[in-house]
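Every chain is numbered from 1 and lettered A, B, ... according to where its sequence line falls, protein lines coming before strand lines.
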There are 4 protein chains.
Amino acid sequence: MSIKELLQELLDSNNSKLVMTEKQLNIICAAIELFSEKGFAATSTSEIAKRAGVAEGTIFRHYKTKKDLLLAIPDCIVELQISKTFFTQLDNILEQPNVSFEKFLRAVISNRKDFASSNMVLIKIIFQELPFHPDLRLKMTESLFKPAKEKLVKIIDYFKDQGQIKDLPSKTIVNFIFTTIFGYMFTCYIAQLDLDWNIEKETENLVRYIMNGLCKPASPTSEFS
Amino acid sequence: MSIKELLQELLDSNNSKLVMTEKQLNIICAAIELFSEKGFAATSTSEIAKRAGVAEGTIFRHYKTKKDLLLAIPDCIVELQISKTFFTQLDNILEQPNVSFEKFLRAVISNRKDFASSNMVLIKIIFQELPFHPDLRLKMTESLFKPAKEKLVKIIDYFKDQGQIKDLPSKTIVNFIFTTIFGYMFTCYIAQLDLDWNIEKETENLVRYIMNGLCKPASPTSEFS
Amino acid sequence: MSIKELLQELLDSNNSKLVMTEKQLNIICAAIELFSEKGFAATSTSEIAKRAGVAEGTIFRHYKTKKDLLLAIPDCIVELQISKTFFTQLDNILEQPNVSFEKFLRAVISNRKDFASSNMVLIKIIFQELPFHPDLRLKMTESLFKPAKEKLVKIIDYFKDQGQIKDLPSKTIVNFIFTTIFGYMFTCYIAQLDLDWNIEKETENLVRYIMNGLCKPASPTSEFS
Amino acid sequence: MSIKELLQELLDSNNSKLVMTEKQLNIICAAIELFSEKGFAATSTSEIAKRAGVAEGTIFRHYKTKKDLLLAIPDCIVELQISKTFFTQLDNILEQPNVSFEKFLRAVISNRKDFASSNMVLIKIIFQELPFHPDLRLKMTESLFKPAKEKLVKIIDYFKDQGQIKDLPSKTIVNFIFTTIFGYMFTCYIAQLDLDWNIEKETENLVRYIMNGLCKPASPTSEFS
DNA sequence: TATGAATGAGGCTTCATTCAT
DNA sequence: AATGAATGAAGCCTCATTCAT
């Protein structure tokens, strides 16, 4: 499903604080598409208007500046409840009896794959523009990164309590997982480096890599500090 | 050392195919700095000229278009022999007797840290602009990514032969390592997300994570497929 | 009293040909304020709408174009009977026995001071926009300047008949008086040049200046031609 | 002579700090003409470019913003040494033996007339825009109004010492003279109110008005306070 | 070779005005 | 009558690039 369909559905469901006219939806979706394709700075408002099928002036009735369009994207992400569904699904997993860390990891990653197809455009924008827009960074950190991290830390604590994973600081573990998965996504989807992977198999490998590292199991495992 | 000092040194040493006037050096360095700070599309040639201390027209005497400036950066990276020194250092490590995979990993990562200080600007540009410039992608793939991968695959093969690491496809392993380290770098340096890490300790943890994953060593380790 | 209060009062009194809804009053007053503050060309209709507390479209229901708003201001001035009250007051003065030219002058000037507080905004607009809008000039000339001049000429004739003032053409005298007082107002209120005058004293001096000029009274006064 | 010819002459004479290319001269002159005709806010940069015969972008190479064009006009006035020639001429008059205040006044006013023909455009702009641009007001006050006033005060002091004019504060007298002459100029040239005056005769009357006021000489002259 | 003035296309944004509701 | 979303022309300004010097 495209971003536009997702947002449309969200608006129709009246489950959201977002209030948007048809045209405003067209505008933000066109902006998302184009920012994702060409980058924020290389996209012109006239292009956005053309793709949205509105007059250029109409953009500025809804978003005071071009930058505001960029800063509206995090709101979409939040309202799309991407993280909420994400974590709801994780909660469901955790509620099952005898959930292993492996099961959890696989859920995270496969979740990310569903993600990718529809939300990759959003993720691309966010990560491409983060380095250049401190205000975007702030907004994302406050409304997404921080809450997500806290939630994940709790989950990791749970597995640590169960003795399923090593006794590293939970924050460190979260960073590792995030970092690994993100690096993977970047390589595939953002940098578009052709990795000609068999996705199924590689995902499997990725899970095992995160769980068991690269060492031979027999090798004497030095404890983490 | 700044990029400019590195390039200056390189030119003085006559060890390079690069032939540059003083001014040309100023130009490319100014461009590198600015592209890194603000992104390619958001940097103007007049800004570059100002920082380089040359007239605007001078830029276009050396580089036909602004884009050519961007495409000249990979050449700098190649000529700076960043990868060459990188791999030379790795070779040195491998030539030592009884080199462990752990030692190798630590070398790679600490290498990356030296890297960061002087070459991060280059890396930032490359990864930020890769998604938008297929020609840049092609150039980087041909002149750097492919050779680097091949070299790494050989190294990984060596450790596999030694029985130090798991029997996964070498390409997969290289991707894991690259992906993990890159994800880490991105989070810290490029997205500038504040991770308040104790770098020393975290590096140590990173090494162990790559080697041994996150599972408790006691847990029954399912074999990789 | 502000312009709005004056117009409100006028409308409530039913003594005027002006028929205005509450909103229309808000619009014209907002326009007057803003034209006075920033000039006609630099004021936007959206600003006017905002200050008037109406929708942008509402303005154009009452005034076909922005220019029509400007051309409506002379009507306000006329309907506010500014000149009428002005001249009524003068008439009252003239009806008193033994009115001196000095008394008259002082009345004109102090009148102008009361004026200033509430009507300066209107005067500012008129004089600032006169040079650029021939239609405004025409309207003002026909409906205000000409009748005012005629009235003043009659008054001056009266004083000339009484032998109180010199035997110059009445039109010339009116021009002098107008010109002197207007110059003074412009310097103080419109150009906002800070003259740090003691207003009371300077007004006194202004009266005497107009009456007796700057020459020492003893000096041989050459007759006017 | 037009402003352009005056500036051209000035530049050719190398007697000025102003350094201007041919195009820059065209731009500032076009701007002066148009600001004078239509007002600053109602003049577009594309119009200026067209009249100056340059590309629109060229304007912004010489003047960072449209407002800077406006603020450059006082510099032209200063460099044209309008005030300098003005005061030099006055000095010449004062150096003659037995100069009367009358002679001086007549010189001021006739001077203003020469002025009018070529410099009225500049004066129009200044006075029309003063109310809206505090920075313009500041610049004009510092570089012209203040020095001019000081000079005039000295001159007036001279005539007071000679016993030719009344013992009013010199500042007050200067204000009266300025105010009267300016009011006259405004009425004629700026508001373009048609006064159908015989200029020769009216100037004569203006001089006498300033000197002797409007009262019959026989009338008992009350002293100034 | 180096300059920097000049260009004009195009960028972002504002504006007066219209029109369906 | 009133609204305010929509428009597209126009406004100010920046840009990459050219070219005479």
Side-chain angles (χ1 to χ4, degrees), chain A residues 20-24 26-27 41-50 52-69, chain B residues 21-24 26-27 40-50 52-69, chain C residues 21-24 26-27 40-50 52-69, chain D residues 20-24 26-27 41-50 52-69:
Chain A
M20 278 196 195
T21 67
E22 172 77 13
K23 299 216 178 240
Q24 195 173 354
N26 290 342
I27 290 167
T43 301
S44 75
T45 51
S46 82
E47 255 176 311
I48 297 171
K50 212 173 288 165
V54 301
E56 202 171 348
T58 307
I59 293 176
F60 294 91
R61 171 159 299 279
H62 297 286
Y63 302 93
K64 261 166 96 77
T65 65
K66 187 188 166 194
K67 181 103 185 239
D68 283 353
L69 257 175
Chain B
T21 65
E22 171 78 11
K23 288 194 188 274
Q24 196 173 355
N26 289 343
I27 290 168
F40 173 77
T43 301
S44 73
T45 50
S46 82
E47 253 176 314
I48 297 170
K50 208 175 292 165
V54 302
E56 273 205 70
T58 308
I59 291 176
F60 293 91
R61 180 152 303 283
H62 295 287
Y63 303 92
K64 249 168 97 75
T65 67
K66 185 186 165 194
K67 181 105 184 235
D68 284 351
L69 257 174
Chain C
T21 66
E22 171 78 12
K23 290 197 187 272
Q24 196 173 355
N26 289 342
I27 291 168
F40 172 77
T43 301
S44 73
T45 50
S46 83
E47 254 177 313
I48 296 171
K50 208 175 292 166
V54 302
E56 274 204 72
T58 308
I59 292 176
F60 292 91
R61 181 152 302 283
H62 295 287
Y63 302 93
K64 250 168 96 78
T65 67
K66 186 186 165 193
K67 180 105 185 235
D68 284 352
L69 257 176
Chain D
M20 278 196 195
T21 66
E22 172 78 11
K23 298 213 179 241
Q24 196 174 354
N26 290 343
I27 290 168
T43 301
S44 76
T45 51
S46 82
E47 255 176 311
I48 296 171
K50 213 172 288 166
V54 301
E56 200 171 349
T58 307
I59 292 176
F60 295 92
R61 171 158 299 280
H62 296 287
Y63 302 92
K64 260 167 97 75
T65 65
K66 186 187 165 193
K67 180 101 185 242
D68 283 353
L69 257 176

Taking for C/A55 and for A/T58 the nucleotide of DNA chain F with the nearest heavy atom, the one nearer the 5' end belongs to C/A55
Separation of atom NZ in C/K50 from atom P in F/dG4, rounded to whole Å:
13 Å
Under the side-chain contact (heavy atoms from CB on, under 4.5 Å) test, which residues partner D/E22, sequence neighbours left out?
D/Q8, D/N26
Nearest-nucleotide wise, let me know which of B/I59 and D/T21 is further upstream toward the 5' end of DNA chain E.
B/I59
How many angstroms lie between CD in B/E56 and CZ in B/R61, if you round to the nearest 0.5 Å?
14.0 Å
Ignoring hydrogens, what is the shortest heavy-atom contact between B/K66 and B/A41? Give both atom names and the distance.
NZ-O, 3.8 Å
Quickly work out the D/Q24 CD to E/dT7 P distance and round it to whole Å.
13 Å
With sequence neighbours excluded, what pairs up with B/F60 under the side-chain contact (heavy atoms from CB on, under 4.5 Å) test?
B/T45
Using atom CG of A/L69 as one end and atom P of E/dG11 as the other, report the distance to the nearest whole Å.
15 Å
Atom NZ of D/K23 and atom C1' of E/dG8: how far apart are they, to the nearest Å?
13 Å
Applying side-chain contact (heavy atoms from CB on, under 4.5 Å), can you list everything that pairs with B/A55, at least two apart in sequence or on another chain?
B/T58
Stems for DNA chain F (at least 3 consecutive Watson-Crick or G-U pairs, under 3.5 Å) come to E:2-21 with F:2-21
Rounding to a whole Å, what distance do you find between D/Y63:OH and F/dT14:P?
16 Å
Whole angstrom value for the distance that separates P of F/dT14 from NE2 of D/H62
15 Å
Quick one: D/D68 CG to F/dT14 P, roughly how many Å, whole number?
11 Å
Residue B/V54, side-chain heavy atoms: nucleotide from E/dT3, F/dT3, E/dG8 that is nearest
E/dT3
Does the side chain of A/I27 come within less than 4.5 Å of A/L69's, by heavy atoms?
yes
Quick one: what's the B/S/- string for nucleotides 14-21 of chain E, heavy-atom cutoff under 4.0 Å, read 5' to 3'?
BSBBB---
Decide if atom NZ of B/K50 counts as having more than 12 heavy atoms of other residues, nucleotides or ligands within a radius under 6.0 Å.
no
Evaluate the side-chain proximity of C/T21 to C/H62: yes if any heavy-atom separation is below 4.5 Å, no if none is.
yes
List for me each residue that meets salt bridge (Lys or Arg N to Asp or Glu O under 4.0 Å) alongside A/K64, sequence neighbours excluded, and say none if there are none.
none
